[in-house]
*Asks:* 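This is the structure I have questions about; it appears just below.
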2 protein chains.
Amino acid sequence: MTIERMDVKRLHVDTTTTLIVMEDEVDRLVAAWRRERPDLDVEPLEVLSRVSRLARHLDRARRLAFAEHQLEPWEFDVLTALRRAGTPYQLSPGQLLTQTLVTSGTMTNRIDRLAKKGLVERLPDPSDRRGVLVRLTAEGQDRADQALAGLLDQERAILAELSRAQRGELAALLRQLTAPFDNIPG
Amino acid sequence: MTIERMDVKRLHVDTTTTLIVMEDEVDRLVAAWRRERPDLDVEPLEVLSRVSRLARHLDRARRLAFAEHQLEPWEFDVLTALRRAGTPYQLSPGQLLTQTLVTSGTMTNRIDRLAKKGLVERLPDPSDRRGVLVRLTAEGQDRADQALAGLLDQERAILAELSRAQRGELAALLRQLTAPFDNIPG
DNA sequence: TCCATTTAGCTCGACATCAAGAGACTTGAT
DNA sequence: ATCAAGTCTCTTGATGTCGAGCTAAATGGA
């Protein structure tokens with residue numbers, strides 16, 4: 001089989017250099033739009049559709065990685081938020097809301113289920129009798145630490161496609177796009 | 001207010017050049033992990049957490065853009081899949097499944113609701129009496145076209161942070177990461 | 001001190017999704 | 001012709017999320 005029979009894309013860098021790269025679904029998506037809507041400039045899709053699709057693939061991959069540690073992605077999110085908080089590994093439900101971007105009803109449900117599994121425990125907040133503190137148990141911390149290590153291994157494998165320099169470049173470009181969202185609260 | 005008081009990050013490119021860039025949430029996330037787990041190499045998060053977070057921001061932004069055309073994101077997905085198919089803008093529910101990556105129960109529900117809104121119609125498949133064809137109505141096509149134009153405007157604004165060359169670079173780097181998922185079916 | 005306002009976390013009903021499986025029809029082998 | 005296996009769509013039941021509203025407690029001004 002020659003490379004001609006694969007899904008490839010030829011990038012004409014200059015008159016003598018042609019880079020042959022693998023096509024992806026977004027190349028096909030963009031090609032379809034250019035055929036159906038030649039009047040529109042669909043260039044933005046080249047970047048942002050790839051971001052969305054890659055995120056979907058990552059979600060699936062992460063779900064698999066976490067499954068090896070009997071954790072759902074949402075469980076990982078909550079446990080690691082507590083883990084990152086540092087000793088004594090406790091946050092209020094309200095702080096967990098803002099970190100995980102879910103609503104309060106959802107967080108109550110999540111804490112209930114994590115407490116039932118013995119990964120977190122609810123404590124009364126000594127300084128505010130309305131309040132509750134959610135604390136990571138020893139087992140919760142172990143599970144979070146193990147799942148994080150597994151996740152990083154998997155992500156390293158995905159990123160092996162790129163050189164160290166390319167990863168740095170990619171991170172910097174993405175930071176330019178995310179910074180406005182993160183700093184000017186949307 | 002000086003730049004010192006903002007959330008910034010200093011990248012020491014060489015001994016005489018220091019690039020000052022805006023920090024984002026991932027910088028803070030990575031810093032927290034390095035503090036709590038100095039034993040781990042968390043470099044992969046610099047790229048992949050940014051991808052996931054940016055995708056989340058994009059989802060929210062898209063939801064807003066579509067709302068101006070009274071469309072939900074899922075409605076846009078289905079309508080544009082039909083729109084990209086070209087004349088006569090019809091696909092089977094099965095084809096729609098594979099394009100939108102939802103289950104058949106979900107797709108039945110979506111087609112029901114779109115049909116009730118008059119944006120698509122169900123037709124019997126003339127070549128297979130088990131089958132159904134879903135066809136875009138004239139109004140469905142208009143709404144899809146308008147929503148796409150709105151989406152592209154919004155995405156262009158987000159990408160204005162980058163130069164044309166940077167956008168090309170970013171697209172190429174992302175393609176390298178997505179191609180394995182898209183070509184070696186996961 | 002009193003009372004209105006704000007804040008914290010929880011409850012509950014509505015809703016979209018998924019997974020499993022049923023029913024209708026087609027395909028291909030004998 | 002017949003029948004088993006495969007395909008296509010829809011139905012059903014369980015689950016997780018959201019969002020509105022509730023109660024209890026803290027806050028702050030008159």
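Just so it is clear: chains get the letters A, B, ... in the order the sequence lines come, proteins before strands, and each one is counted from 1. Keep in mind it's a predicted model, so treat the numbers as computed, not measured.
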*Asks:* Using a strict cut-off of less than 4.0 Å between a Lys/Arg side-chain nitrogen and an Asp/Glu carboxylate oxygen, indicate whether A/E23 and A/R28 qualify as a salt bridge.
*Replies:*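 Yes, this pair counts.
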
*Asks:* Any salt bridge linking B/D59 with B/R56? Criterion: basic side-chain nitrogen under 4.0 Å from a carboxylate oxygen.
*Replies:*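 Here B/D59 does not pair with B/R56 in a salt bridge, since their nearest N and O are not under 4.0 Å apart.
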
*Asks:* Measure from the side-chain heavy atoms of A/T108 and tell me the nearest of D/dT9, C/dC10, C/dT17.
*Replies:*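 For the A/T108 side chain, the nearest candidate turns out to be C/dC10.
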
*Asks:* Quick one: label B/G105 by what it contacts on the DNA or RNA (base, sugar-phosphate, nothing), any heavy atom closer than 4.0 Å.
*Replies:*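 The answer is base, as B/G105 lies within the cut-off (heavy atoms under 4.0 Å) of a base atom.
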
*Asks:* Could B/R83 and B/D142 be called an ion pair, given the rule that one side-chain N must be under 4.0 Å from one carboxylate O?
*Replies:*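 No, B/R83 and B/D142 are not salt-bridged.
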
*Asks:* Taking only side-chain N and O atoms of A/R122, does any of them lie within less than 4.0 angstrom of OP1 or OP2 on C/dC10?
*Replies:*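 Checking C/dC10 against A/R122, a side-chain N or O does come within under 4.0 Å of OP1 or OP2.
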
*Asks:* Please tell me which of the listed nucleotides, D/dA26, C/dG9, D/dT11, lies nearest to the side chain of A/P93?
*Replies:*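 That would be C/dG9.
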
*Asks:* Let me know the distance between CG of A/L97 and C1' of D/dT17, rounded to the nearest Å.
*Replies:*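 After rounding, the reported distance stands at 13 Å.
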
*Asks:* Can you tell me the distance, in whole Å, between the CD atom of B/Q90 and the P atom of D/dT9?
*Replies:*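 Rounded to whole Å, this separation is 13 Å.
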
*Asks:* What about A/S104, does its side chain sit under 3.5 Å from the base of C/dC10 through a donor-acceptor pair?
*Replies:*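 Yes, a donor-acceptor pair under 3.5 Å.
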
*Asks:* Can a donor-acceptor pair under 3.5 Å be found between the side-chain atoms of B/R130 and the base atoms of D/dT7?
*Replies:*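 A donor-acceptor contact between them is present.
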
*Asks:* Taking atom P of C/dG9 as reference, at what distance in whole Å does atom CG of A/L91 sit?
*Replies:*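 Those two atoms, CG and P, are 11 Å apart.
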
*Asks:* If you only use heavy atoms from C-beta on, which nucleotide in D/dC10, C/dC10, D/dT17 is closest to the side chain of A/N109?
*Replies:*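 Closest nucleotide to the A/N109 side chain: D/dT17.
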
*Asks:* Taking for each residue the nucleotide of DNA chain C bearing the nearest heavy atom, is the 5' side occupied by A/M107 or by B/W74?
*Replies:*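 Going by which nucleotide is closer to the 5' end, it is A/M107.
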
*Asks:* In whole Å, what is the span from the CD atom of B/E75 to the C1' atom of C/dA16?
*Replies:*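 The distance from CD of B/E75 to C1' of C/dA16 comes to 12 Å, rounded to the nearest Å.
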
*Asks:* Could you check how far CG of A/L114 sits from C1' of D/dG16, rounded to whole Å?
*Replies:*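 Interatomic distance, CG of A/L114 to C1' of D/dG16: 14 Å.
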
*Asks:* Are any of the side-chain nitrogens in B/E155 or B/R62 under 4.0 Å away from the carboxylate oxygens of its partner?
*Replies:*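 Salt bridge: yes.
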
*Asks:* Answer yes when B/R143 and B/E75 have at least one side-chain N-carboxylate O distance shorter than 4.0 Å, and no when they do not.
*Replies:*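 So B/R143 does not pair with B/E75 through a salt bridge.
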
*Asks:* In whole angstroms, how far is the P atom of D/dA14 from the CZ atom of A/R113?
*Replies:*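 For the pair A/R113 CZ and D/dA14 P, the rounded distance is 17 Å.
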
*Asks:* Starting the side chain at C-beta, find the nucleotide from C/dA19, D/dC10, D/dT17 nearest to A/R110.
*Replies:*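 The listed nucleotide nearest to A/R110's side chain is D/dT17.
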
*Asks:* Remember a base hit wins even if backbone is also touched, and classify B/D128 as base, sugar-phosphate or nothing at under 4.0 Å, heavy atoms.
*Replies:*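 Sugar-phosphate contact only.
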
*Asks:* Take A/T103 and A/R129, find for each the nucleotide of DNA chain D with the closest heavy atom, and name the residue whose nucleotide sits nearer the 5' end.
*Replies:*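 Its nearest nucleotide lies further toward 5', so the answer is A/T103.
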
*Asks:* How many whole angstroms separate atom CG of A/D125 from atom P of C/dT7?
*Replies:*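 Interatomic distance, CG of A/D125 to P of C/dT7: 17 Å.
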
*Asks:* Output the rounded distance in Å from CG (A/L133) to C1' (C/dA8).
*Replies:*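 For the pair A/L133 CG and C/dA8 C1', the rounded distance is 12 Å.
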
